[in-house]
> 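After the structure tokens below, expect a handful of questions from me.
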Amino acid sequence: MTFQAPKGTFDWIPPRSERVLAVRDALAAPLRRAGYGYVETPSFEDTELFKRGVGESTDVVSKEMYTFLDKGGRSITLRPEGTAPVVRAVLQHGLHNGQLPVKLWYSGSQYRYERAQKGRYRHFWQVGAEALGAEDPALDAELIVLAWQGYAALGLTGVRLLLNSLGDRQCRPVYRAALQEFLRGLDLDEPTRERIEINPLRVLDDKRSEVQEQLTGAPLVIDHLCGDCKAYHEEVRWLLTAAAVPYADDPRLVRGLDYYTRTTFEFVHDGLGSQSAVGGGGRYDGLSEVIGGPPLPSVGWALGVDRTILAMEAEGLLDDAADARLVDVYGVALGEEAKRRMFLLVTDLRQAGVGADMAYGSRGMKGAMKAADRSGARFALILGERDLAAEAVQVKDLTTAEQTEVPLTEVVTTLKGKLK
RNA sequence: GUGGGUGUAGCUCAGCUGGCAGAGCGCCAGGUUGUGGUCCUGGAUGUCGUGGGUUCAAGUCCCAUCACUCACCCCA
């Protein structure tokens, strides 16, 4: 009997798993430099938080949540997204009672019950950022710039930024009604007709060509923005241009979650199979109130870690051989006494900050050297009876095959010097 | 939830109109009893996804089932 990872999930294993850490670090670094503090929230929350925060009309809530009753009869849901939990944490701890905006970032697992395909899994990882409690286009622009810098730091060149505004509580309802009227006149299937009444903006996102063809004359949000929203949007665009972040206006860009208002954006890439977004976000001025808090206009984004790795793979940015190289030094000991001494030597090296591994088990010289080679280490340390007698170790450069004898007492400093 | 494709060694896959289970890579060992990578030789590993059916005989044909995968819907 063997087990496998649950349907729709997968494992990160070496060497590729190194990229998970690297991507998280690269995406988080710009945030830390911009004053975002780290927040970690539970992987599960009260189901009601998502129902109200994300919106009952969304697919995420209506069919993609992992929901169960705990032993106390409480309805619990594995988080399908990170924003609502962060807002909940901010409200719970009163962070918004201090200086605003509250700037936070997070990194963690998300769960959605969906049919898996390339770039879309039931368990996935995101790095997210939220700036809460301030209505300022500079904040929207700041977040977009920080995400852009994160992608750039990873070497990605194929990420494109799509930008739109969804309006606010003044202009959005007017637009919504106009769009509904237009959509009701189209020839659409039943599920789509239902969507017109529940969440009409999402119809614009339909990928089917027979639907897209009919949408050519659809009213656009951008034409219905009120004066405030228009000015806000123009300022965001101006700041992005000034910061030299290229973007494309996409008047059809909408988002799947109900809480978005005004600024909406998506980072897209062509290497994700049928998916297109590596990251996305926007402004959510009404979310706090929806879950019982005070008005707290905010903006944020979430970037998919596994999708970012897919994008990097598509651009040929992954180097498995380099990722497999974990140590710089590899010990090869011959005989029991030498092995004991090598164990201490390797421990000393690690203590001194030098990555070191050694051959375990009962491999012969040849096998141990082979292991040294496979480890990707630059140097092999060879220690046998002769060397022990001489109180020395053979240091072999595996790239040049050059070998020198170094006194045991000097090995650590010698290697530290060579690896500088 | 719906549709297509694929399940054979650790990995990538071949296996024709049914007739002894295969290759490459990887792994282990030897060639070299203290030296890796290249090279040579040898070796181990399979419930051919699972269950049933047809047949003298099934990896191969039929049915069912499960898994994986890609796509739709939707989304990071």
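Convention: sequence-line order gives letters A, B, ...; per-chain numbering from 1.
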> Under 3.5 Å, is there an N or O donor on one side and an acceptor on the other linking the side chain of A:Lys366 and the base of B:rG31?
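Checked by distance alone, the answer is yes.
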
> What heavy-atom pair brings A:Lys416 and A:Ala352 nearest, and what distance separates the two atoms?
NZ-O, 3.1 Å

> Heavy atoms only, 4.0 Å cut-off, all strands: where does A:Ala277 land among base, sugar-phosphate and nothing?
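Sugar-phosphate contact only - A:Ala277 comes under 4.0 Å of backbone atoms but never of a base.
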
> With distance as the sole criterion, do the side chain of A:Asp373 and the base of B:rG36 form a donor-acceptor contact below 3.5 Å?
yes

> Reckon A:Ala371 touches a base, only the sugar-phosphate, or nothing at all at heavy-atom distances under 4.0 Å?
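Answer is nothing: A:Ala371 stays at 4.0 Å or more from every strand.
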
> Please confirm whether any donor atom in the side chain of A:Lys370 sits under 3.5 Å from an acceptor in the base of B:rG37, or the reverse.
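When only heavy-atom distances are counted, A:Lys370 does not reach the base of B:rG37 through any donor-acceptor pair under 3.5 Å.
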
> Both distances below 3.5 Å, Watson-Crick or wobble geometry, any strand: find the nucleotide opposite B:rA64.
B:rU50

> In whole angstroms, how far is the P atom of B:rC74 from the CG atom of A:Leu272?
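It works out to 18 Å between those atoms.
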
> Which part of the nucleic acid does A:Tyr330 contact within heavy-atom distance under 4.0 Å: base, sugar-phosphate only, or nothing?
nothing

> Per the side chain to side chain contact (heavy atoms under 4.5 Å, CB included) rule, which among A:Thr157, A:Leu161, A:Leu156 passes with A:Val159?
A:Leu156

> Could you tell me the separation between the CD atom of A:Glu81 and the C1' atom of B:rA76, rounded to a whole number of Å?
11 Å

> Check if the side chain of A:Arg386 and the base of B:rG34 share a donor-acceptor pair of N or O atoms closer than 3.5 Å.
yes

> Under 4.0 angstrom, heavy atoms only, what part of the nucleic acid is A:Arg202 near: base, sugar-phosphate, or nothing?
sugar-phosphate

> From CD of A:Gln117 over to C1' of B:rU2, roughly how many Å is that when rounded to an integer?
13 Å

> Determine whether a donor-acceptor pair (one donor, one acceptor, N or O, separation below 3.5 Å) exists between the side chain of A:Arg120 and the base of B:rC74.
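Per atom types, the contact qualifies.
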
> Of all heavy-atom pairs between A:Gly53 and A:Tyr259, which one has the smallest distance, and what is that distance?
O-CD2, 3.2 Å

> Choose from B:rA71, B:rC75, B:rC74 the nucleotide whose nearest atom is closest to any side-chain atom of A:Lys118.
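Nearest to the side chain of A:Lys118 among the choices is B:rA71.
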
> At under 4.0 Å between heavy atoms, what does A:Lys7 touch on the DNA or RNA strands: base, sugar-phosphate, or nothing?
sugar-phosphate

> Using a 4.0 Å heavy-atom cut-off across all strands, classify A:Arg363 as base, sugar-phosphate, or nothing.
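If one applies the 4.0 Å heavy-atom cut-off, A:Arg363 turns out to touch the sugar-phosphate alone, with no base involved.
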
> Check every atom of B:rU35, B:rC73, B:rA76 against the side chain of A:Gln126 and return the nucleotide holding the closest atom.
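Out of B:rU35, B:rC73, B:rA76, the nucleotide with an atom closest to A:Gln126's side chain is B:rA76.
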
> Under 4.0 Å, heavy atoms only, any strand: does A:Arg255 hit a base, just the sugar-phosphate, or nothing?
sugar-phosphate

> Is there a Watson-Crick or G-U wobble partner for B:rU35 with both distances under 3.5 Å, and if so, which one is it?
none

> Given B:rC73, B:rG26, B:rA76, which nucleotide is nearest the side-chain atoms of A:Glu114?
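The answer is B:rA76.
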
> Applying the Watson-Crick and G-U wobble criteria at under 3.5 Å, what pairs with B:rG43? Answer none if nothing qualifies.
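Partner of B:rG43: B:rC27.
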
> Would one find more than 12 heavy atoms of other residues, nucleotides or ligands at under 6.0 Å from atom CZ of A:Phe44?
no

> Mind checking the CG-OH spacing from A:Leu253 to A:Tyr260? Nearest 0.5 Å is all I need.
10.5 Å

> Paired with B:rU17: which nucleotide, if any, by Watson-Crick or G-U wobble criteria at under 3.5 Å for both distances?
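Pairing partner, where one exists within any strand: none, as none qualifies.
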
> Using whole Å, what does the distance between atom C1' of nucleotide B:rC74 and atom CD of A:Gln212 come to?
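Distance, rounded to whole Å: 14 Å.
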
> What about A:Arg307, does its side chain sit under 3.5 Å from the base of B:rC75 through a donor-acceptor pair?
yes

> How would you label the contact of A:Gly128 with the nucleic acid (heavy atoms, under 4.0 Å): base, sugar-phosphate, or nothing?
nothing

> What contact category does A:Gln394 fall into here, base, sugar-phosphate, or nothing, at under 4.0 angstrom with non-hydrogen atoms?
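Base, at least one base atom sits under 4.0 Å.
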
> Could you work out which one of B:rA76, B:rU35, B:rG1 sits closest to the side chain of A:Met365?
B:rU35

> Heavy atoms under 4.0 Å, any strand shown: does A:Glu385 hit a base, just sugar-phosphate, or nothing?
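Touches a base.
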
> Using the ring of each side chain (for Trp, its six-membered ring), is A:Trp148 parallel, tilted or perpendicular to A:Phe267, with breaks at 30° and 60°?
tilted

> Minimum heavy-atom separation for A:Gly158 and A:Glu315, please, with both atom names.
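Reported closest heavy-atom pair: N-OE2, 2.7 Å.
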
> Scan every strand shown for a Watson-Crick or G-U wobble partner of B:rG3, both distances under 3.5 Å, and answer none if you come up empty.
B:rC70

> In whole angstrom, give the distance that lies between atom CD of A:Gln275 and atom P of B:rU69.
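That distance rounds to 13 Å.
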
> What is the minimum heavy-atom distance between A:Pro85 and A:Arg79, and which atoms define it?
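In terms of heavy atoms, the two residues are closest at CG-CB, 4.4 Å.
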
> Within the structure, does a side-chain N or O atom of A:Arg195 lie under 4.0 Å from either OP1 or OP2 of B:rC74?
yes

> To the nearest Å, how far apart are A:Leu253 CG and B:rC75 P?
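Distance, rounded to whole Å: 11 Å.
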
> Determine the contact category for A:Gly279: base if any of its heavy atoms lies under 4.0 Å from a base atom, sugar-phosphate if only primed atoms, P, OP1 or OP2 are that close, otherwise nothing.
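The answer is sugar-phosphate, as A:Gly279 gets under 4.0 Å only of primed atoms, P, OP1 or OP2.
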
> Looking for any heavy atom pair under 4.0 Å, which part of the strands does A:Asp205 touch: base, sugar-phosphate only, or nothing?
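Touches sugar-phosphate only.
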
